[in-house]
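Take a look at the structure set out below.
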Amino acid sequence: MRIPENVDYIIKTLEQNGFEGYAVGGCVRDMVMGREPDDWDITTSAEPQEVKSIFHRTVDTGIQHGTVTVMIGSEGYEVTTYRRDGDYEDHRHPSKVVFTPNLLEDLKRRDFTINAMAFNPASGIVDEFEGIQDIQRKCIRCVGEAGERFEEDALRMLRGIRFAAQLEFGIEVKTLSAIREKAPTLVNVSAERIRTELTKLLLADASDRLMFAVQTGLSRYFLPELDAMIATSQNNPHHCFDVGNHSLEAVRQINRLWKTGKLKGIPREERNHIILVYAALLHDVSKPGCRITDDEGIDHFHNHNELAAEKAEQILKRLKFDNETISLVTRIIRYHDSRHENCLIDGEYSTKGKRAMRRLMNRIGSSAMPYLFVLQRADLLAQSDYNREEKLAKLDAAERCHEEICLAGEAVTRKDLAISGRDLQAMGIKPGPEMGKLLERLLDAVMEDPSKNTAEELRKFIDI
């Protein structure tokens with residue numbers, strides 16, 4: 001159990017001044033599990049003003065709750081006084097905070113046993129609630145009475161499921177039962193907080209643990225659409241899951257593809273990962289409302305991609321996502337069912353698909369195409385194995401087709417044209433709707449035949 005030099009320095013400095021100091025919470029859990037902690041929290045018997053008097057550079061980041069950030073160089077470390085929480089009146093925040101000199105009093109107010117451990121280099125681990133045993137059992141369990149913990153803070157229910165996903169743990173029976181009982185209190189939690197937990201869950205390797213939310217009824221209060229998706233079967237040779245489990249499998253495939261690092265044209269930034277997992281989760285969200293069954297008992301979901309884009313926009317707005325994320329997610333959902341015809345003919349790559357590809361790039365936006373291809377790959381891998389190899393080969397051919405269009409610099413938007421609006425003005429054409437229509441006709445011509453994208457050829461077209 002090794003802690004960073006700066007954390008060790010803070011703990012020893014507190015002790016030299018007559019106070020206790022421990023690393024606490026998630027960082028201790030991660031050390032026990034052999035994981036590298038993302039951040040380090042320190043708890044102490046010293047009250048905030050005493051912490052401020054001991055260290056030269058501090059920031060009052062949450063002093064009303066006992067938290068002072070100690071700065072060492074450019075790094076900040078949160079140091080929080082042992083505390084007991086008062087009554088929770090809104091299922092989210094304590095009405096008051098009372099400082100206490102007792103470490104165990106502080107630990108027993110925490111959410112889960114795996115997060116209620118403390119560590120001091122001299123005295124070792126304090127594990128009053130069997131957090132280490134629960135790590136060994138791979139079990140999420142509340143500290144004390146689960147119902148009380150969730151009654152205090154309703155967000156803990158979703159946090160517990162998120163931890164199960166991130167750590168690939170199960171959830172203890174009594175804790176699951178308490179989530180089922182207290183699920184309605186989630187309405188007291190802001191959409192932003194729910195979005196944060198849901199996003200972390202979806203980015204986790206075991207993102208399918210979201211099913212715990214469905215099984216306990218919790219999802220009804222933040223994503224009721226998932227319940228409807230789970231209840232919608234897909235009697236179709238292309239599918240082996242219901243709509244909900246297919247979508248969860250698509251999320252899992254996104255995470256698997258992301259870990260490979262082989263996503264062409266998509267920078268490895270968390271924002272892009274988030275865009276992809278939400279697109280995978282919601283790409284079929286409209287299917288429960290548009291299923292029809294033919295005379296042979298086969299289910300069909302006509303126009304589900306258009307309807308899913310509209311519904312996904314509503315959901316993402318409800319979760320308070322930014323407009324840029326909403327725009328990209330809904331665009332790739334809208335076109336996720338594109339067939340990429342003629343990119344592969346008789347098992348061989350064909351350039352005949354480029355005409356349709358240029359038009360698709362125009363509609364969705366060229367920069368969105370790499371995201372579309374990843375979503376389509378995850379979607380295919382989450383289906384049955386019916387014609388899977390052929391489908392993947394067609395998708396590979398479509399990606400090659402797109403790449404060749406980009407490398408050749410072929411026009412897919414007005415700005416790619418060899419003649420601009422200014423050029424048209426110089427030719428005596430006035431700005432306005434008619435000029436816009438003319439530019440669209442020119443673009444249509446060069447998307448049909450890229451060789452026409454020269455000033456000379458386009459002028460001929462205008463003269464006609």
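These numbers come from the heavy atoms of this one structure, side chains and all, not from hydrogens, waters or symmetry mates.
In this structure, T69 and V79 have side chains that are not in contact, with every pair of non-hydrogen atoms separated by 4.5 Å or more. Taking the side chain as every heavy atom from C-beta outward, L167 and R29 approach each other to under 4.5 Å. I429 has its side chain within reach of M435: a pair of non-hydrogen atoms, C-beta onward, lies under 4.5 Å apart. The shortest distance between side-chain heavy atoms of T199 and L319 does not fall below 4.5 Å. Residues S219 and M211 fail the side-chain proximity criterion, which asks for heavy atoms closer than 4.5 Å. Using a 4.5 Å cut-off on side-chain heavy atoms (C-beta onward), L210 and V214 make no contact. Considering only heavy atoms from C-beta on, F150 comes within 4.5 Å of T175 through its side chain. Counting heavy atoms from C-beta outward, V446 and L458 have side chains that approach closer than 4.5 Å.
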Evaluate side-chain contact (heavy atoms from CB on, under 4.5 Å) for H65 paired with T80, printing each intermediate quantity in order. CA-CA 8 Å; H65 296 113; T80 304; over 6 Å; no
Is there a side-chain contact (heavy atoms from CB on, under 4.5 Å) between D284 and I333? Walk through the geometry before answering. CA-CA 8 Å; D284 283 347; I333 287 176; over 6 Å; no
Passes side-chain hydrogen bond (donor to acceptor under 3.5 Å, both in side chains), D294 versus H300? Steps please. CA-CA 8 Å; D294 64 23; H300 303 277; 2.8 Å; yes
Before you tell me yes or no, could you show the steps for T185 and N188 under side-chain hydrogen bond (donor to acceptor under 3.5 Å, both in side chains), namely the whole-Å CA-CA distance, both residues' side-chain angles and the distance that decides it to 0.1 Å? CA-CA 6 Å; T185 63; N188 297 281; 5.2 Å; no
Does the pair K287 and Q234 meet the rule for a side-chain hydrogen bond (donor to acceptor under 3.5 Å, both in side chains), with working shown? CA-CA 9 Å; K287 278 189 171 182; Q234 299 188 94; 2.7 Å; yes
Between K311 and E306, does the salt bridge (charged side-chain N to carboxylate O under 4.0 Å, His left out) criterion hold? Intermediate values first, please. CA-CA 9 Å; K311 203 158 193 174; E306 287 282 350; over 6 Å; no
Q253 and E249: CA distance, side-chain angles, deciding distance, side-chain hydrogen bond (donor to acceptor under 3.5 Å, both in side chains) verdict: CA-CA 6 Å; Q253 292 293 341; E249 177 62 15; 3.0 Å; yes
Start with the C-alpha distance between H304 and H336, add both sets of side-chain angles, then the distance that settles ring-ring contact (aromatic ring centres under 6.0 Å, His included), and finish with yes or no. CA-CA 10 Å; H304 77 275; H336 81 269; 5.1 Å; yes
Given H273 and L203, is the side-chain contact (heavy atoms from CB on, under 4.5 Å) satisfied, shown in steps? CA-CA 7 Å; H273 193 180; L203 297 179; 3.5 Å; yes
Run the numbers on V32 and M1 for side-chain contact (heavy atoms from CB on, under 4.5 Å), then give the verdict. CA-CA 8 Å; V32 170; M1 297 283 285; 4.2 Å; yes
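Minimum heavy-atom separation, C290 to L307: CB-CD1, 4.2 Å. Summarising the geometry of G147 relative to A178, their closest heavy-atom pair is N-CB, 3.8 Å, with the distance given to 0.1 Å. Taking every heavy atom of both residues into account, N272 and P267 meet most closely at ND2-O, 2.8 Å. Shortest non-hydrogen contact noted between A308 and S286 is N-OG, 3.3 Å. The nearest pair of heavy atoms linking L424 to I462 is CD2-CD1, 3.4 Å. The minimum heavy-atom distance between R331 and G365, with the atom names listed, is NH1-CA, 4.4 Å.
Aromatic ring centres of Y335 and H340: separated by at least 6.0 Å. For F112 and F129, the distance between ring centers is not under 6.0 angstrom. Taking the six-membered ring for Trp, H238 and H246 have ring centres at least 6.0 Å apart.
K182 has a carboxylate O that lies under 4.0 Å from a charged side-chain N of E151, or vice versa, which qualifies the two as a salt bridge. Remark: R377 engages E399 in a salt bridge, criterion side-chain N to carboxylate O under 4.0 Å. Residues R459 and E456 are not paired through a salt bridge, judged by the lack of any N-O separation under 4.0 Å between the basic side chain and the carboxylate. Using a 4.0 Å cut-off between charged side-chain N and carboxylate O, D444 and R359 make a salt bridge. Between K394 and D396, none of the side-chain N atoms (NZ, or NE/NH1/NH2) sits under 4.0 Å from a carboxylate O, so this pair counts as no salt bridge. Contact check on E197 versus R162 returns a salt bridge, with a Lys/Arg side-chain nitrogen under 4.0 Å from an Asp/Glu carboxylate oxygen. Between D208 and R252 no salt bridge is recorded (no basic side-chain N to carboxylate O distance below 4.0 Å). Salt bridge status for E192 with R195: absent, with no side-chain N to carboxylate O gap under 4.0 Å. Between K317 and E313 there is a salt bridge, since at least one side-chain N of the basic residue sits less than 4.0 Å from a carboxylate O of the acidic one. Using a cut-off of 4.0 Å between Lys/Arg side-chain N and Asp/Glu carboxylate O, E172 and R137 are scored as not salt-bridged. Taking a cutoff of 4.0 Å between a charged side-chain nitrogen and a carboxylate oxygen, R414 and E440 qualify as a salt bridge. In this structure, K452 does not pair ionically with E448, as no charged nitrogen and carboxylate oxygen lie closer than 4.0 Å. K200 has no carboxylate O lying under 4.0 Å from a charged side-chain N of E270, or vice versa, which leaves the two without a salt bridge.
Counting only distance, with no hydrogens or angles, the side chain of T216 and the backbone of F212 share a donor-acceptor pair below 3.5 Å. A donor-acceptor contact shorter than 3.5 Å is absent between the side chain of R141 and the backbone of I171. Panel note: side chain N453, backbone P450; no donor-acceptor pair is recorded below 3.5 Å. In this structure, N305 contributes its side chain and R334 its backbone to a donor-acceptor pair below 3.5 Å. Remark: the backbone N or O of N236 is not paired with any side-chain donor or acceptor of H239 at under 3.5 angstrom. Remark: the backbone N or O of L202 is paired with a side-chain donor or acceptor of N255 at under 3.5 angstrom.
Checking E404, E403, E341 one by one against K354, the salt bridge (charged side-chain N to carboxylate O under 4.0 Å, His left out) holds for a single residue, E404.
Listed by chain and residue number, nothing satisfies the side-chain hydrogen bond (donor to acceptor under 3.5 Å, both in side chains) test with S177 (two or more places apart in sequence, or in another chain).
In this structure, R339 places its CZ atom where only 12 or fewer heavy-atom neighbours from other residues, nucleotides or ligands lie under 6.0 Å away. The neighbour count for Y9 OH, taken as heavy atoms of other residues, nucleotides or ligands under 6.0 Å away, does not exceed 12. Remark: D449 CG is packed, more than 12 non-hydrogen atoms of other residues, nucleotides or ligands lying under 6.0 Å away.
Under a cutoff of 6.0 Å and an axis angle of 45°, R400 and Y349 form a cation-pi pair. At least one test fails for R441 against the ring of F461: distance under 6.0 Å to the centre or angle within 45° of the axis.
D134 and T113 are linked by a side-chain donor-acceptor pair at a separation below 3.5 angstrom, with hydrogens and angles left out of the test. Side-chain atoms of R422 and Q425 form no donor-acceptor pair, as typed in the model, at a separation below 3.5 Å.
A distance of 10.5 Å separates NZ of K391 from CG of L381, quoted to the nearest 0.5 Å.
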